[in-house]
2 protein chains.
Amino acid sequence: MIDTKTRILDTAERLFGDQGYGATSLRQIITEAGVNLAAIHYHYGSKEELLDQVVMRKADPVNRERLEALDRLEAAAGGGPAPIEAILEAFLAPALTRVAANPEFSKLMGRMLGEGLMPSLARKHFRTVANRFTTALARALPHLSAVELRWRTHFLIGAMAHMLCSKPEGNSALEGVELQRATRRLVTFVSGGLRAPAADDPKTEVKLG
Amino acid sequence: MIDTKTRILDTAERLFGDQGYGATSLRQIITEAGVNLAAIHYHYGSKEELLDQVVMRKADPVNRERLEALDRLEAAAGGGPAPIEAILEAFLAPALTRVAANPEFSKLMGRMLGEGLMPSLARKHFRTVANRFTTALARALPHLSAVELRWRTHFLIGAMAHMLCSKPEGNSALEGVELQRATRRLVTFVSGGLRAPAADDPKTEVKLG
DNA sequence: GTCTATACTGAGATAGAC
DNA sequence: GTCTATCTCAGTATAGAC
């Protein structure tokens, strides 16, 4: 039989995914997992820490996929910069495919970004991914200053997060072809935004600063 | 003395803004407002309804500003479409200036979008704004189909919401000139995304549909 | 119509026995 | 490591005073 700690994590993942974080009580988790209430606090400390662990276990494969895709891209590009659309797809597709696999859980992930409650623990796990992709984008977008690029990736994350947790009105499920199309829409939009002329060129800086 | 109903609303607004929705208890609100616990349920029915009212009272002036700005734009444009950047600024600037005025409350507004807990009541109040701006954007972006435009405005909302509730790393306060610059960055990014060639041109539609 | 006092149910957290 | 019992605090509901 699986040990208590793992059984809690499995059950929490399922329930958080199905119902959301706030709507799931620890008592429901322990009932379905067949463990004692205090076991959660013994193994995880608090409900929020438990969420951390659940999210991290889900996020790790996504980030691994992202890095592998980027590796392939950079190998294919030889020494030069990789194409922007390809970089974006390498970053976005692994997350968006999870929408199809488990809509509720993706909603939770997107929500966490939106709520700004992505905790220090989880943030660390995204550091490598963030650095690699920022570097790749910087090489592909030499017209942007570092600070401008940081803002634009911020907007990119926002667009992705909002897509993870809700769909535009009139759209139903995102499966198969629909998902691919939606991903392409997002890639198109964001690459358009990234390619826009820099807003902080020296001339403007002087005028405003 | 202000009546009970208003005093509850004022106090709730301040506390939700300072601490967030989840972290604020009704008992804290009634203590600081000097009213009875049941008065909240008498006047507002539930905590969530109270949030609705708080948000709506804040959102209404923002939306009025937006519509007035759009009115001016369309008057200036005569019969033709208004410039994309101007439309975007009319929509985004009124919301973003609130970031400077009350960072915590803006965080809450952004969070609500992200959490998808924007309730039916509040959603209704954004309908007029959404329709007017969607129409204006559709005229300025004739190369986009209705469905493509809906997706792109969805991404636009995501970028805005994420900016409302968090700033890119390394940035401190958004005041005065910094705020104007950040607004311009967002306008630039989004207009780039909106202008990108349509991803759902007929050829692709036929192939996928 | 408004408001107060109080009780109810369920949440997360914790101390201490085993 | 695990479990029982208990604590505090949340949102909600209702009976009845003015």
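Throughout, a chain's letter reflects where its sequence line sits, starting with A, and its residues are numbered from 1. Note: hydrogens, waters and symmetry copies are ignored here, and every other heavy atom, side chains too, is used.
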Heavy atom of residues 24-33 of chain B under 4.0 Å from DNA chain D: which residues?
B:Thr24, B:Ser25, B:Leu26, B:Arg27

Please identify the 5'-most and 3'-most nucleotides of DNA chain D with any atom under 4.0 angstrom from a heavy atom of chain A.
D:dG1 to D:dT4

Can you list the residues that meet the salt bridge (charged side-chain N to carboxylate O under 4.0 Å, His left out) rule with B:Asp18, with sequence neighbours excluded?
none

Base, sugar-phosphate, or nothing: which does A:Ala39 touch, judged by heavy atoms less than 4.0 Å apart?
nothing

Heavy atoms under 4.0 Å, any strand shown: does A:Leu37 hit a base, just sugar-phosphate, or nothing?
base

Distance-only side-chain donor-acceptor flag, B:Thr11 / B:Glu32, under 3.5 Å
no

With a 6.0 Å cut-off (strictly less than), is the heavy-atom count around CD of A:Glu89, excluding the residue itself, greater than 12?
no

Separation of atom NE2 in A:His41 from atom C1' in C:dA11, rounded to whole Å:
10 Å

Let me know which of B:Thr128, B:Leu70, B:Leu88, B:Leu156 forms a side chain to side chain contact (heavy atoms under 4.5 Å, CB included) with B:Phe133.
B:Leu70

Qualifying residues under side chain to side chain donor-acceptor pair (under 3.5 Å), relative to A:Arg27, sequence neighbours excluded
none

Do the non-hydrogen side-chain atoms of B:Gln28 and B:Gln19 ever get within less than 4.5 Å of each other?
yes

For residues 6-18 of chain A, which residues have at least one heavy atom under 4.0 Å from DNA chain D?
none

Could you state the atom-to-atom distance from CD1 of B:Ile40 to C1' of C:dT4 in whole Å?
14 Å

Donor on one side chain, acceptor on other, B:Asn131 and B:Thr134, under 3.5 Å
no

The criterion is side chain to side chain donor-acceptor pair (under 3.5 Å); which residues satisfy it with B:Arg7, sequence neighbours excluded?
none

is_close_aromatic(A:His162, B:His162), centroid dist under 6.0 Å
no

Within this structure, what is the CG-CG distance for the pair A:Leu26 and A:Leu50, rounded to the nearest 0.5 Å?
7.0 Å

